[in-house]
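The structure appears right after this line, and notes come after that.
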Amino acid sequence: AKAAGGNRWTWFDPIMDQLAEADARLGADLRQAIARDELFLLYQPIVELPGGTPAGMEALLRWRHPEHGLISPDVFIPLAERNGYIVEVGRWVLERACEQAAAWQTAYGQNAPAKVSINISARQLAEPGFVAEVAQTLDRTGVDRRRLMVEVTETAVLSTGSAMDAVRELHDLGLQVALDDFGTGSSSLSLLVDCPVDYLKVDKSFVGGITTANAQAVIVQSLIGVTEGLRIEAVAEGVESAEQAHRLHAAGYRFAQGYHYARPMTADDVTAMLDEAANR
Ligand code: C2E
Ligand code: CA
Ligand code: CA
Ligand code: CA
């Protein structure tokens, strides 16, 4: 249909067809992924500055496809959002992460990660009964409500009329709310007026530029004033160097996350790390 403008686009349709076909095939595979045990979670520490002590663990989803190997969530999450399967995938993530949080809580008590966070998509927030399901999962697994953090993006919160209500209800239940990828959406500051937020996760695109780009440095620094004024915690995402960590701490950031501290790791690796900390 793009051919209307001239020959330039005649190649376009077959490629779009192929892409749509690949999309449909991968979507069908994803429908089987849970039953075939191909999904798993990695956990990336969120650390407290300046020492780098883990204060939380963010659950990050992985899919080991039988033919294509590891597929990035940046590919399959948007796909799952398009075909609606994210609701079931998200339910699996919620259950798995809560079971893991409960296991750490039982084994390590005070020394367990203080928070476990999960990423919530727009479709989940719009799903009737989502909040009740979260509450039930917490009750069933015995995870303290204050220990579960839900990470939502500005785009997700603003995607439907009921999404922000769901976030408010989760917050009222006692869960922690983190606004993810902050600064990359469109509404940014005004959202902080309406939406209950405990943690602001400043996107790695700003953090990545703090040592080289003046504009990014200014934004990262001024967001601290906003979080202090609103009494919310600031988390810097994508911290990759000691110099960045130093600047963030100097700017007043209390929490950080990134390859400089730790890559996303398996639950077993986190457990080994907790064992080591307990024996020190
Ligand atoms: P996100 O929530 O913003 O997660 C942070 C991403 O940055 C992760 O990519 C993480 O591995 C990566 N990262 C962490 N530290 C660094 C660093 O120092 N440098 C760089 N360059 N990257 C870093 P990942 O695991 O590939 O996840 C990508 C996105 O997929 C996530 O972005 C999130 O939006 C989505 N996602 C992952 N798991 C889930 C899930 O269970 N549910 C939903 N709805 N979305 C998920
Ligand atoms: Ca996140
Ligand atoms: Ca993020
Ligand atoms: Ca992201």
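As the structure is a computational prediction, the values presented were derived from the model and not from experiment. Counting starts at 1 for both ligands and their atoms, following the listed order.
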To make sure I understand the geometry: which N, O or S atom in D181 is closest to the Ca ion (ligand 3)? OD1
Does an N or O anywhere in H260 fall below 3.5 Å from an N or O of ligand 1? no
Salt bridge R140-E99, side-chain N to carboxylate O under 4.0 Å: yes
With rounding to the nearest 0.5 angstrom, report the CG to CD1 distance, L94 to I118. 4.5 Å
Decide whether I86 and F40 are clustered together by the hydrophobic rule: side chain heavy atoms of Ile, Leu, Val, Met, Phe, Trp, Tyr closer than 4.5 Å, transitively. no
Check V239 against ligand 1 and report side chain, backbone, both or neither, counting heavy atoms closer than 4.0 Å. backbone
Linking I/L/V/M/F/W/Y whenever their side-chain heavy atoms sit closer than 4.5 Å, directly or via other members, would I224 and L230 fall into one cluster? yes
Test of proximity, Q124 against ligand 1: N or O pairs below 3.5 Å: no
At less than 4.0 angstrom from any non-hydrogen atom of E58, what atoms of ligand 1 do you find? 2 (O), 4 (O)
So is R62 polar-close to ligand 1, meaning N/O to N/O under 3.5 Å? yes
Is the closest side-chain donor-acceptor distance between D203 and S205 under 3.5 Å? yes
Against heavy atoms of E237, which atoms of ligand 1 measure under 4.0 Å? 3 (O)
Regarding E237, does it place an N, O or S atom less than 3.0 Å from the Ca ion (ligand 2)? no
Please report the C-alpha distance between I46 and Y199 in whole Å, then the side-chain angles of each, then the deciding distance to 0.1 Å, and finally whether the side chain to side chain contact (heavy atoms under 4.5 Å, CB included) criterion is met. CA-CA 12 Å; I46 297 171; Y199 291 81; over 6 Å; no
Rounding to 10°, state the angle centred on the Ca ion (ligand 2) that links OD1 in N119 with OE2 in E58. 90°
The OD2(D180)-the Ca ion (ligand 2)-OE1(E151) angle, to 10°, is 100°
Determine, using heavy atoms of Q44 and all atoms of ligand 1, whether some pair is separated by less than 4.0 Å. yes
Is any side-chain heavy atom of T137 closer than 4.5 Å to one of R91? no
Check this for me, if you would: do K201 and E58 make a salt bridge, where the nitrogen-to-carboxylate-oxygen distance has to be below 4.0 angstrom? yes
Going by side chain to side chain contact (heavy atoms under 4.5 Å, CB included), V177 matches just one of D198, I120, I232. Which one? D198
If you count the atoms of ligand 1 from 1 in the order shown, which ones are under 4.0 Å from a heavy atom of E240? 17 (C), 18 (O), 19 (N), 20 (C), 21 (N)
Counting heavy atoms only, which of L60, L94, L41 comes nearest to atom 10 (C) of ligand 1? L60
salt_bridge(R247, E243) N-O dist < 4.0 Å: yes
Atoms of ligand 1 under 4.0 Å from any heavy atom of S121, numbered from 1 in the order shown, are 44 (N)
Option from Q176, K115, Q105 for which side chain to side chain contact (heavy atoms under 4.5 Å, CB included) with R147 holds: Q105
In ligand 1, which numbered atoms sit nearer than 4.0 Å to a non-hydrogen atom of V93? 41 (O)
Answer yes or no: does an N/O atom from L61 fall short of 3.5 Å to an N/O atom of ligand 1? yes
Spacing of CG belonging to L70 relative to NE2 belonging to H65, to within rounding of 0.5 Å: 11.5 Å
Check if P264 has a non-hydrogen atom at a distance under 4.0 Å from any atom of ligand 1. yes
Looking only at distance, does K204 have an N or O less than 3.5 Å from an N or O of ligand 1? yes
Select the closest option to atom 44 (N) of ligand 1 among L70, L39, N119, V89, judged by heavy-atom distance. N119
